[in-house]
Amino acid sequence: MIKLLKLFTISFALSVLFFSCAKKPLTLDKETPMKALLKASDQELTKLIIKEAKEKGNIPEENLEVEYILRDDESQAIAVKLKVKEQ
């Protein structure tokens, strides 16, 4: 009985650890903490910013270009320069 209880405890702990460490998708709303955005690669942030501008700004993806991304870990801030090409 004790071995069975230990097995259930270990399996529960491993499943909780696995699901808590699973990578969650990045978003620009309050669900994604700023630390996750600061640790994201430039490529991930570029995809996220273009996706958000496309969905919320109704701007075609081919008209968007991310020129640069600045990060400040101390103040936990990110600045992005997004260029919208006119047609």
Side-chain angles (χ1 to χ4, degrees):
M1 182 71 175
I2 294 176
K3 289 183 181 180
L4 188 60
L5 183 61
K6 284 182 182 180
L7 178 67
F8 284 134
T9 304
I10 290 172
S11 64
F12 176 74
L14 287 176
S15 64
V16 167
L17 180 65
F18 174 75
F19 286 115
S20 67
C21 292
K23 190 171 184 179
K24 298 174 180 125
L26 294 176
T27 59
L28 292 179
D29 56 8
K30 292 184 180 186
E31 292 179 15
T32 302
M34 182 55 78
K35 287 185 180 183
L37 291 172
L38 287 168
K39 290 180 182 178
S41 69
D42 284 350
Q43 189 176 33
E44 289 174 320
L45 283 176
T46 300
K47 287 180 183 178
L48 174 64
I49 291 163
I50 289 176
K51 183 185 96 173
E52 291 284 330
K54 180 180 161 187
E55 289 175 3
K56 294 181 180 170
N58 243 359
I59 303 169
E61 187 173 340
E62 53 273 356
N63 292 351
L64 297 170
E65 179 184 344
V66 175
E67 290 192 358
Y68 59 82
I69 299 172
L70 298 176
R71 303 163 197 249
D72 185 10
D73 291 332
E74 187 177 310
S75 64
Q76 292 192 347
I78 297 176
V80 178
K81 183 174 182 184
L82 182 67
K83 183 177 181 181
V84 180
K85 302 174 196 170
E86 293 185 33
Q87 287 189 0

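All residue numbers in this chain count up from 1 along the given sequence.
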* Asked: Would you find more than 12 non-hydrogen atoms of other residues, nucleotides or ligands less than 6.0 Å from Gln43 atom CD?
  ->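 12 or below, so no.
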
Determine, for Arg71 against Asp42, whether the closest basic-nitrogen to carboxylate-oxygen distance falls under 4.0 angstrom.
yes

To the nearest 0.5 Å, what is the distance between [atom1] on [X] and [atom2] on [Y]?
{"X": "Lys54", "Y": "Glu62", "atom1": "NZ", "atom2": "CD", "result": "8.5 Å"}
{"X": "Ile50", "Y": "Ile59", "atom1": "CD1", "atom2": "CD1", "result": "10.5 Å"}
{"X": "Glu44", "Y": "Lys39", "atom1": "CD", "atom2": "NZ", "result": "12.5 Å"}
{"X": "Leu7", "Y": "Lys3", "atom1": "CG", "atom2": "NZ", "result": "11.0 Å"}
{"X": "Lys51", "Y": "Lys47", "atom1": "NZ", "atom2": "NZ", "result": "11.5 Å"}

Pairs of donor and acceptor atoms involving the side chains of residues 73-83, under 3.5 Å and at least two apart or interchain, shall be tabulated with distances.
from  : atom 1 : to    : atom 2 : distance (Å)
Ser75 : OG     : Asp72 : OD2    : 2.7
Lys81 : NZ     : Glu67 : OE1    : 3.2

Check your understanding: With a 4.5 Å limit on heavy-atom distance, are the side chains of Leu64 and Ile49 in contact?
Key ->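 With C-beta onward as the side chain, the pair stays apart.
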
Once side-chain hydrogen bond (donor to acceptor under 3.5 Å, both in side chains) is applied, do any residues pair with Lys56, and if so which ones, sequence neighbours excluded?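 With sequence neighbours excluded, Lys56 shows a side-chain hydrogen bond (donor to acceptor under 3.5 Å, both in side chains) to Glu52, given in chain and number order.
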
